[in-house]
Student: 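My questions will all concern the structure given below.
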Amino acid sequence: MSTLEILEKLVGFDTTSSKSNREMTLWIRDYLMGFGVQSALAPNAEGTKFNLAARIGPNAPDGIALSSHSDVVPVEDQNWDTPPFRLTRRGSRLYGRGACDMKGFLACTLAAVPRLMAAELKRPVDIIVSYDEEIGCLGTRPLLDTLQRQALPPSMVIVGEPTAMAIVDSHPGAHAEIVRFFGRAGHSSRPERAVSAVEMGLDFLWRLRELARGEDVAKTGLLLNLARFRGGTAHNIIAGEAEVEWSARFDARDALDKVVVGAARLARELEIRMKSIDPACRVETEERLDIPALLPVRDNPAFALCARLTGRNAAERAAYGTEAGFFQQAGLSTVVCGPGDIAQAHAPNEFIEESQLASCDAFLARLAEELSAP
């Protein structure tokens, strides 16, 4: 199958993160099996989502993993001119949900399998596909466990998120938390008998903002977002419940840790104040997202490899996050390099240029040549 035929098949699977990726993962397994390539499937705790890992070539050190994620973002409340889960060509553009982010790279990877099988590889190529990247890289940690249980795990990872085939060696991390305040509702005429959850939530957000603006945090470039506030029912009711969500993008982990620790301290202080009025009051915190940054490193073998394959001699920084930071934290040399324009990711009428797929196909062909060279 050609890259376009495979992409058409992959886009046809509705793998929105809220749904199962089972059918698509089984299709990939069967496709690989047709070339004699065995896959390891690892389900999540509910058995509804699957990671996939497959190796082509010898069980040797210094392998290269090609990383994709299977899930896509929702299409609800978006105006599409074409069916989102059917690949549609218009000129040089191929439209469909996930065509750019990131089934395009996965299609190129799978189309390269015959070439990789025919090459006399000296180092292995691992094809890895994770679930739920779009909602927090939930499948990446267990996928890493699968890789590292191998006798000879790969030493580098190329994450195929859309970079227009530029080599990205750094991007910020992301962290998000929801804080829920449970006070005591009451009539607005008798505030002494109530504990306003809305007041506590607003106090929390204000003080968290001041913490993030402190010099020791602000100088690191951490970006705090007071993302969401929900609370209250009517003008004459003191709110008994409120919920806030905050997030941060960061490079320096210690700066994020200061904000996280500070947020926990603020939540405890507010809970103590609430309980002094009514012991039944409480504050709960839920971590929703924690994705490490990808940091530039000197003498990065993954960058050196991609530079040879693309002809580019400089690395770039991305503003968005990927699963790459997880691989780097695990000690694997990691870069992001894949087809497509990130501006199309998550957008209605998402598309990828056919020329971008051709560039990625050529990139993977050169990878096969490099890994089979004497």
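By convention here, the first residue in the shown sequence is residue 1.
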Student: Working to the nearest 0.5 angstrom, can you tell me the gap between K9 NZ and L87 CG?
Tutor: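 Going from the NZ atom of K9 to the CG atom of L87 covers 13.0 Å.
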Student: Count the heavy atoms belonging to other residues, nucleotides or ligands that lie under 6.0 Å from CD of E210, then report whether that count exceeds 12.
Tutor: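 More than 12 within 6.0 Å, yes.
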Student: Is it the case that over 12 heavy atoms from other parts of the model lie below 6.0 angstrom from the CZ atom of R366?
Tutor: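 Yes.
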Student: For R93 and Q344, test the side chains for any donor-to-acceptor distance below 3.5 angstrom and give the result as yes or no.
Tutor: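 R93 vs Q344: no donor-acceptor pair found between side chains.
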Student: Is E243 salt-bridged to R228, cutoff N-O under 4.0 Å?
Tutor: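 Salt bridge flag = yes for R228 with E243.
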Student: Before accepting this row, confirm whether a basic side-chain N of the pair D71/K49 lies closer than 4.0 Å to the acidic partner's carboxylate O.
Tutor: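 So D71 does not pair with K49 through a salt bridge.
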Student: Is it true that D290 and R253 make a salt bridge, defined as a side-chain N closer than 4.0 Å to a carboxylate O?
Tutor: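 Salt bridge flag = yes for R253 with D290.
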Student: Where the side chain of E350 meets the backbone of R97, is there a donor-acceptor pair that is under 3.5 Å apart?
Tutor: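 No.
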Student: Ignoring hydrogens and geometry beyond distance, is a side-chain donor-acceptor pair present between E354 and S92 at under 3.5 Å?
Tutor: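 S92 and E354 do not have a side-chain donor-acceptor pair below 3.5 Å.
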Student: Measuring from N300:CG to T334:OG1, what's the distance to the nearest 0.5 Å?
Tutor: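 Answer rounded to 0.5 Å: 7.5 Å.
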Student: Does some side-chain heavy atom of L147 sit less than 4.5 Å from a side-chain heavy atom of Q150?
Tutor: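 Side-chain contact under 4.5 Å: yes.
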Student: Between the side chains of N21 and T15, does any donor sit under 3.5 Å from an acceptor?
Tutor: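 Per modelled atom types, N21 and T15 side chains form no pair under 3.5 Å.
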